[in-house]
**Q** 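Here it is, the structure in full.
Computed from a predicted model, the values in this text were never measured in an experiment. No hydrogens, no waters, no symmetry mates; every other heavy atom, side chains included, goes into these values. Atoms within a ligand are numbered from 1 in the order they appear, just like the ligands themselves.
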Amino acid sequence: MKNLTQIPILDLSAEVDELWDELNAAIRRVLRSSQFIMGPEVTEFEQRVAQYLDVKHAVALNSGTDALIIALRALGVGSGDEVITSPFTFFATAEAISLVGAQPVFVDIDPQTFNIDPNQIEAALTPRTKVILPVHLYGNPAPLEAILSIAQKYGLRVLEDCAQSFGARYVGEQGGQPQRFTGTLGDLGAFSFFPSKNLGAYGDGGMLVTNDDRLAEQARMLRTHGSRKKYYNEMIGYNSRLDTLQAAILLVKLPHLERYNQARRAIAQRYNELLKDLEGLLTPQLTPGHVFHQYTVRILNGRRDAVQARLAQRGVGTMVYYPVPLHRLPVYKHLNLRLPESERAAAEVLSLPIWPQMSHSTQDAVVEALREALP
Ligand SMILES: *Cc1c(COP(=O)(O)O)cnc(C)c1O
């Protein structure tokens, strides 16, 4: 067997090399200022994100998980309420719903997009439904037009899980209409700055964005122990501030994001061309606005695990996002749901190496290994 070089699924070092001087200067400024908690970089980062996404408020938080929890609390979701979401997502999406005392109601996905199927939402509504929580999985915008119209019809709120979709634009189903960023069409958008995300910090981080003044104020209070004014706590909240150091790092990275997302799209498009003739493999759609947090193919005929193992032998890192749909995990198994498309996706998906600086020759090596690994 040829001894190929190791190819990780994600190489964060390329970006650090590229931005090394700027990052060092930013980190040093924070060290010199000693303002490690809620320093000026946090506010500046909030303003710059609000400007970029064209949204009224951005509230920087400690993680994407906290952003979801705080969003649900700000929306008044609690015990006895139901929240509609996708079972084919990272655990935190449903965990946040459970943590505020509400019940996740899982609706199956559209096999083309891996996102929640809007045609199945209405059948899942009950008098207890309060919120629809779509996830823009892999950076692919969920069908917001359909979701927002259901929400409007039944008086529900919409919280977008944008952990994987920073910079993704939603293009309406008819096309044509102005493009808005994911996270700014629903009542609230929840973002994660986990290092591997499209806009990643060098530690944990998250954010909520909204055009609603009251929701923004609630989120700001919940971020700091339920207080507007120190020691005058008004409700039970959290300690969920974004570190100044992380804000300073994110300020360096934000101006490069648009270019990085374009690079991801170009790599995805090239993968689609290089892989289009391979049998037993389905490539993802290059939908408008998709920012390819992951480039995820389907490996058909029950061969996924074998193909992944062969790629690993050839030094190519891949991941399965996600091997168990949430309704089959121990904590939600009692719901006794059969959601066939989510279950099939969990058995077939394989995410291939992608990062903005990935070279053509590295990508060619991945494709070559995949060609050899497929039966
Ligand atoms: C990463 C992720 C989260 C959680 O974000 P953290 O910052 O790690 O807490 C939530 N939802 C989805 C879909 C994610 O990918």
Side-chain angles (χ1 to χ4, degrees), residues 9-10 12 45 49 58-73 83-100 104 106-107 109 113-116 131-142 144 147 158-168 182-183 186 188-209 219 222-223 238-243 245-247 249-250 253 261 264 290-296 319-327 329 331-332 342 345-346 349 351 354-355:
I9 186 166
L10 168 69
L12 288 174
F45 178 60
V49 169
V59 183
L61 301 167
N62 189 256
S63 72
T65 305
D66 278 8
L68 291 165
I69 294 167
I70 288 173
L72 290 166
R73 287 280 312 274
V83 177
I84 305 262
T85 195
S86 167
F88 196 57
T89 175
F90 179 56
F91 186 61
T93 312
E95 188 181 34
I97 298 167
S98 295
L99 272 171
V100 302
F106 297 114
V107 168
I109 56 166
T113 63
F114 301 106
N115 283 324
I116 193 167
V131 172
I132 307 175
L133 201 178
V135 182
H136 307 294
L137 199 74
Y138 305 145
N140 190 21
L144 287 172
I147 290 166
V158 174
L159 164 60
E160 301 174 56
D161 184 337
C162 305
Q164 304 187 4
S165 74
F166 202 110
T182 56
L188 287 152
F191 292 87
S192 164
F193 304 124
F194 185 82
S196 67
K197 306 291 162 102
N198 287 33
L199 181 62
Y202 297 150
D204 278 308
M207 182 168 262
L208 275 178
V209 304
L222 287 163
R223 166 172 72 183
Y238 307 86
N239 173 1
S240 185
R241 297 167 293 233
L242 180 70
D243 289 346
L245 266 171
Q246 299 303 342
I249 287 161
L250 289 161
K253 293 180 64 171
N261 279 342
R264 285 175 180 272
H290 195 328
V291 291
F292 287 93
H293 170 61
Q294 298 298 338
Y295 178 83
T296 304
M319 287 292 280
V320 173
Y321 301 114
Y322 297 89
V324 187
L326 303 188
H327 66 286
L329 286 171
V331 288
Y332 297 122
S342 302
V349 291
S351 296
I354 189 167
W355 64 92

**Q** Quick one: closest heavy-atom pair of Ser98 and Tyr332, and the distance?
**A**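 Heavy atoms of Ser98 and Tyr332 come nearest at OG-OH, 2.6 Å.
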**Q** Closer than 3.5 angstrom, by distance alone: can the side chain of Glu160 be matched with the main-chain N or O of Gly189 as a donor-acceptor pair?
**A**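 No; judged by distance alone, with no hydrogens or angles, the pair does not exist.
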**Q** Is it true that a side-chain atom of Ser342 and a backbone atom of Pro325 form a donor plus acceptor pair closer than 3.5 Å?
**A**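 No; judged by distance alone, with no hydrogens or angles, the pair does not exist.
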**Q** List the residues meeting side chain to side chain donor-acceptor pair (under 3.5 Å) with His290, not counting sequence neighbours, and say none if there are none.
**A**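 None.
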**Q** What residues, two or more places apart in sequence or in another chain, satisfy salt bridge (charged side-chain N to carboxylate O under 4.0 Å, His left out) together with Arg223?
**A**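 Once residues adjacent in sequence are excluded, the partners of Arg223 under the salt bridge (charged side-chain N to carboxylate O under 4.0 Å, His left out) criterion are Glu46.
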**Q** Under 3.5 Å, N/O to N/O: give me all the pairs between ligand 1 and the protein, one per line with atom names and distance.
**A**
| unit_1 | atom_1 | unit_2 | atom_2 | d |
| --- | --- | --- | --- | --- |
| ligand 1 | 5 (O) | Ser192 | OG | 3.3 |
| ligand 1 | 7 (O) | Gly64 | N | 2.8 |
| ligand 1 | 7 (O) | Ser192 | OG | 2.6 |
| ligand 1 | 9 (O) | Gly64 | N | 3.4 |
| ligand 1 | 9 (O) | Thr65 | N | 2.8 |
| ligand 1 | 9 (O) | Thr65 | OG1 | 2.5 |
| ligand 1 | 11 (N) | Asp161 | OD1 | 3.4 |
| ligand 1 | 11 (N) | Asp161 | OD2 | 2.9 |
| ligand 1 | 15 (O) | Gln164 | NE2 | 2.8 |
| ligand 1 | 15 (O) | Lys197 | NZ | 3.0 |

**Q** Quick one: list whatever passes side chain to side chain contact (heavy atoms under 4.5 Å, CB included) with Ser192, sequence neighbours left out.
**A**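 Ala163, Phe194, Lys197.
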